[in-house]
Protein chains: 2
Amino acid sequence: MTKPAGRPPRSEEDVTKFRTKVSKGAMALYREQGFEAVSMRRLSKTIGCAPTTLYAHFSGKTEILMLLWSDILSEMAAHIELSLRPITHPVDKLQTAAVIFVTYWIDHPDHFRLVFMSTDVGRSDVDGFLQNTDALQHFRVFDDLISDLDQTNSPLRVQADTLIASLIGLAMCLNTLHGYKWSVMSEMVNQLLTGFINDPEQQH
Amino acid sequence: MTKPAGRPPRSEEDVTKFRTKVSKGAMALYREQGFEAVSMRRLSKTIGCAPTTLYAHFSGKTEILMLLWSDILSEMAAHIELSLRPITHPVDKLQTAAVIFVTYWIDHPDHFRLVFMSTDVGRSDVDGFLQNTDALQHFRVFDDLISDLDQTNSPLRVQADTLIASLIGLAMCLNTLHGYKWSVMSEMVNQLLTGFINDPEQQH
DNA sequence: CATTTAATTGGTACGCGTTCCATAAACTAT
DNA sequence: ATAGTTTATGGAACGCGTACCAATTAAATG
């Protein structure tokens, strides 16, 4: 097992250094000039390399955009937790968090597009697995809110995942499927939450 | 108010004729060669016009892709109704329909991309309003299934819209957000349906 | 007929994501 | 040093969606 000849692969340090440079550059472009400004050509120009070089470090644009997910999602989670501060009743907290969550994506369609509509459909995406795992943990904001209800029906994990995915669906439909007269958002959220608040005494 | 001189705008008949030609051509390309084959240049070539002419009839590619929604969605609705035939119990019917719905989009990621990820985020999209309205009516497959449960809680419209949007959310998350370990789909569907089946005697 | 107005066309152009390939760079072995 | 091997880089190119524009064609009016 001797060292192979030829130029060695870039050191792990250089790899992460480049990745963070790309991440910073992409974030700057996105924050300052919006979604459309984040293009491979402009990004390569701002970080000082050829457009093709990006493809040596990332499988494509999607993987680069994933670097921005963490920022967006933590901002969203912080926004929810801030809105939750004055509220004490567990049911109210959950209901508020759900409404705020959907509202956030409707108020920030660019963020929505970035996180939910910049993915390669139907791909296992082994490359982006790590970033994914990190960023998407912010969806766990609902875990505590649900467990505070002290339900004993189905596993917490199933409940939380279902709630998150459903809320994303609401945001998605209201955001993109105009032409279908959807019901009022808050009413849909309430209807959705009936599946998570089984104790009639907790209902309002 | 006399008629102005000069060539009149194209007759409504010619307009619809061209639109159906585009629709047929786009559908042929999509069915025979997949999503990526539906490009403005190729489409214009197959229907025999200049690429720019398409922009005289449609605001952009999105509006053309909407022409395909109706086909896909009616196929989906038919698929659901077929799977529902051997089932009699109302709760079973709803549960089966929901699972089949989500499964359909996971089994056909290209269809999913076409309907749910080819839209302009955050635009009112007045142009595509009509096609939208027509095609999206296929979401109403769940109306009867819900009303057969004889619930008296919230309006049928709210219930159906919430269910559809939530199921779309499940399909979306399972389709695109790999890297987050979602719960098993059928369990999430069951969790979701608890909000629509309130009578404990109906539960299984 | 000529005129007017609208529809269509083709060409050009921009920036885009992505791929290919030739070259440069960095290392080992001789 | 030199040769050999592997990686990293960047220029050229393809097809894409879309916009602009000049030229042409079509259908009405006078």
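Below, chains carry the letters A, B, ... as their sequence lines are ordered, and counting in each starts from 1. Predicted model, so just to flag it, every value in this text is computed and none were measured. All values below were derived from every heavy atom in this structure, side-chain atoms included, with hydrogens, water molecules and symmetry-related copies excluded.
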Peer 1: For B/Ser83 versus B/Thr96, what's the shortest heavy-atom pair and its separation?
Peer 2: O-CG2, 4.3 Å
Peer 1: In terms of side-chain heavy atoms of A/Ala50, which of C/dT19, D/dG10, C/dC16 is nearest?
Peer 2: D/dG10
Peer 1: Using OP1 and OP2 only, check whether a side-chain N or O of A/Thr52 sits under 4.0 Å from D/dG10.
Peer 2: no
Peer 1: For the pair made of CZ in A/Arg42 and P in C/dC14, what is the distance, rounded to whole Å?
Peer 2: 15 Å
Peer 1: Can you measure B/Leu43 atom CG to D/dC16 atom P for me and round it to whole angstrom units?
Peer 2: 11 Å
Peer 1: Return the value, rounded to whole Å, for the distance between atom NZ of A/Lys45 and atom P of C/dC16.
Peer 2: 8 Å
Peer 1: Using ring centroids (six-membered ring only for Trp), state whether B/Tyr30 and B/His111 fall under 6.0 Å.
Peer 2: yes
Peer 1: Decide if the gap between the ring center of B/His108 and the ring center of B/Phe112 is smaller than 6.0 angstrom.
Peer 2: no
Peer 1: What's the CG-P distance between A/Leu54 and C/dG17, to the nearest Å?
Peer 2: 10 Å
Peer 1: Run through A/Leu163, A/Thr162, A/Ile164 and flag the one making a side chain to side chain contact (heavy atoms under 4.5 Å, CB included) with B/Met188.
Peer 2: A/Thr162
Peer 1: Ignoring hydrogens and geometry, is there a side-chain-to-backbone donor-acceptor pair from B/Trp182 to B/Leu170 under 3.5 Å?
Peer 2: no
Peer 1: At less than 4.0 Å, is any side-chain N or O atom of A/His57 found next to OP1 or OP2 of D/dA8? Yes or no.
Peer 2: no
Peer 1: Between A/Gly48 and A/Arg41, just flag the one whose closest nucleotide in DNA chain D comes earlier from the 5' side.
Peer 2: A/Gly48
Peer 1: Contact list please: residues 25-40 of chain B against DNA chain D, heavy atoms, distance less than 4.0 Å, in numerical order.
Peer 2: B/Val38, B/Ser39, B/Met40
Peer 1: Would you mind reading off the distance between B/Phe18 atom CZ and C/dT8 atom P, rounded to a whole angstrom?
Peer 2: 7 Å
Peer 1: Using whole Å, report how far CZ of A/Phe58 lies from P of D/dA8.
Peer 2: 13 Å
Peer 1: Using the ring of each side chain (for Trp, its six-membered ring), is A/Phe139 parallel, tilted or perpendicular to B/Tyr180, with breaks at 30° and 60°?
Peer 2: perpendicular
Peer 1: Using whole Å, report how far NZ of B/Lys61 lies from P of D/dG17.
Peer 2: 4 Å
Peer 1: Does A/Ser183 form a side chain to side chain donor-acceptor pair (under 3.5 Å) with A/Glu187? I'd like the steps, not just the answer.
Peer 2: CA-CA 7 Å; A/Ser183 302; A/Glu187 293 184 23; 5.8 Å; no
Peer 1: Given atom CG of B/Leu65 and atom C1' of D/dG17, what is their separation to the nearest angstrom?
Peer 2: 11 Å
